[in-house]
Amino acid sequence: MNIEARISSKVQKALVRLYNTEMSADKIQIQRTRKDFTGDFTVVVFPFLRFSKKPPEQTGEEIGNFLKDRVDEVSDFNVIKGFLNLTIDNAFWLRFLNSMHQRGHIYDLHLDPGNQKVVVEYSSPNTNKPLHLGHIRNNLLGFSISRILEATGHQVKKVNLVNDRGIHICKSMLAWKKWGNGETPVDRGVKGDHLVGDYYVMFDREHKKQVAYLMEMGKTKEEAEKEEPLMKEARELLSLWEQDDPDTVELWKKMNGWVLEGFEQTYHDLGIDFDRVYYESEVYKLGKEEVKKGLEKGVFFRKNDGSVWADLSDEDLDEKLLLRGDGTSVYITQDIGTAIQRYREFDFDEHIYVVGNEQNYHFQVLKIVLGKLDYSWAEHLHHLAYGMVELPEGKMKSREGTVVDADDLVGEMLTTAEEMTRESGKIGDFPEEEKKRIYRAIGLGALKYFILKVDPKKNMTFDPGESVDFNGNTGPFIQYSYARINSLLSKAKDKNIDVPDELSGHVPLNNKEIQLVKLIHQFPSVIGEAAQEMNPAVVANFLYELAREFNQFYHDHSVLGAGNQQTIQLRLVLSVQVSKVIREAMWLLGIDLPERM
RNA sequence: GAACCUGUAGCUCAAUUGGAUAGAGUAUCUGACUCCGGAUCAGAAGGUUGGGGGUUCGAGUCCCCCCUGGUUCACCA
């Protein structure tokens, strides 16, 4: 049992003894004592006043005395207003540090281990244009959350659903057919996803021109968009594709191949991966059957034109189209099918969709519709809705060319990392390959940390010019702290100072040291909270606090130069444990650590 | 038009889910050991938490009314 739980249960006993009151553990608030007060943990006594019928100070005193008498670890207490601040004995922190030092990992020390099968879907790109900043946020979130859930004991399947069919794909195909002169990514020396994306943009531009022209000729906007010849051709292409026209399918395969190759490169550069990749072209028909079953059961209804709908009025929503009049499927149809397929495949306990919050309505409806089909697991579908990434001037718009391209961004990060590292001159003697790895760790670390430290559900602003810094609350700051500890340890080795396997005897701890041990102690519950909230930012914020605390400690106190052997050993063990937590927490974020930088 | 989300220091973000004097970074200014890494550390300055009301021991957080920005409400995905 960890110390907070022990205190909590003793407070319960105190309430019974002193005020004859039973209170459930979750009603007892125990929090970290704020820095400006003395103490380690704080019990909020306000909720007890209606039972004690005494002023807050007196109630706090009474409970404080009770705890001091019966909990060995509580060495002292003070009461300020309604807050009972408890001080924990040095010996406890020392014991804890020793036990962590003897453990292989810390992250698997969960308070409340889970053992569920969880599917996490993320990325889910369209194969008509390259990935951009928004996808980066999606990918990093999905990947990190998967690791966090794994760390809390769950079995995670990372899946990707590639949207490789539909009218948007046909647009770039058509443009390439018309104006591409057969060029390939190799011909032009660009990544395949970028090449295809260019044709998608080209289509859009020409289409708009044509629409404008038709409107000048006196058509209304609706008429113009409907009659515009390029769009008509694209629709014909889609129809040909659905009829398995050999030429069309061949073209589709070729261009999709280019894009997917480009995506793989980007995923690789970002350091993320999947356990299973689904292609919409392979699964899009699955949903139709399920919808038809629902129709037979009378859960859905058919309109005169043959289209199939779900009536959601009992959920205070409108009617929702599930199949078009011509029998073709819409977006939600395939999600119905894939959810059922995945349930059969994985028998999951939870299914998480990492998808932008503009699709809140979609997932709300998806759950309801699956519920109507009597799939009880529908309530275990969870939409992790993250906010948009905006630029200082507002939303990214592909038409206006303000989209931040994923590959460009990664490239810039690596370049900056290289420049910064060169300036510091710490790795001059490293082989070229090793240097590249370090630049990559730092550049990507800066980018990943910058994005993951923000609460997923919030929109965030990204300023391409100055956003990703290397000083302050950043990835490199944490990496730097880690590299520093490494350097310290190798220096110790040079001096033939060993890190002991165990600290023996009574070693006094100063404030900074206790502060660090407390943070290490907090780590498992931080992971638990991050998993619970599905929020990597919890881990990032914790990491920053830990690194900052360590840097202060390192600045104020000499490790190898500490006066006595005992203190040197204590500080070495503490440093090793801090670096272990940094490594594990960064792993949860998917960020690599350079040994030197 | 309706529903939902959002608004915290010049800028980018926190705030233990209703708890103490709202904290960090950045930018600006000032300073730091001949000593374990200066991508560090310390200090100054910066706030009517969009505005107004309410709930209670206590509100950035919960409720109501406005204001701002955004998203969704498609036989698009």
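Every chain is numbered from 1 and lettered A, B, ... according to where its sequence line falls, protein lines coming before strand lines.
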Length of the line joining A/Tyr554:OH and B/C41:P, which is rounded to integer Å: 13 Å
Touch class at under 4.0 angstrom, heavy-atom based, for A/Leu317 against every strand present: nothing
Under-4.0 Å side-chain N/O to phosphate OP1/OP2 contact, A/Lys81 with B/C57: no
Atom-to-atom span, CD of A/Gln364 to C1' of B/U72 - whole angstrom: 10 Å
Below 4.0 Å: OP1/OP2 of B/A14 and any side-chain N or O of A/Lys458: yes
Residue-phosphate contact under 4.0 Å: A/Ser487 side-chain N/O, B/G37 OP1/OP2: yes
Basic-acidic side-chain contact under 4.0 Å: A/Arg437, A/Glu434: yes
Distance-only donor-acceptor test, A/Asn85 side-chain atoms vs B/A20 base atoms, 3.5 Å: yes
Phosphate OP1/OP2 of B/C36: any A/Arg571 side-chain N/O under 4.0 Å: no
Ionic contact status for A/Glu358 with A/Lys395, cut-off 4.0 Å: no
For RNA chain B, the residues among residues 126-134 of chain A that have a non-hydrogen atom under 4.0 Å from it: A/Asn126
N or O in side chain of A/Lys491 less than 4.0 angstrom from B/G37 OP1/OP2: yes
Presence of A/Tyr480 side-chain N/O under 4.0 Å of B/A39 phosphate oxygens OP1/OP2: yes
Under 3.5 Å donor-acceptor pair, A/Thr421 side-chain atoms to B/A39 base atoms: yes
Phosphate OP1/OP2 of B/A14 contacted by A/Arg548 side-chain N/O (<4.0 Å): no
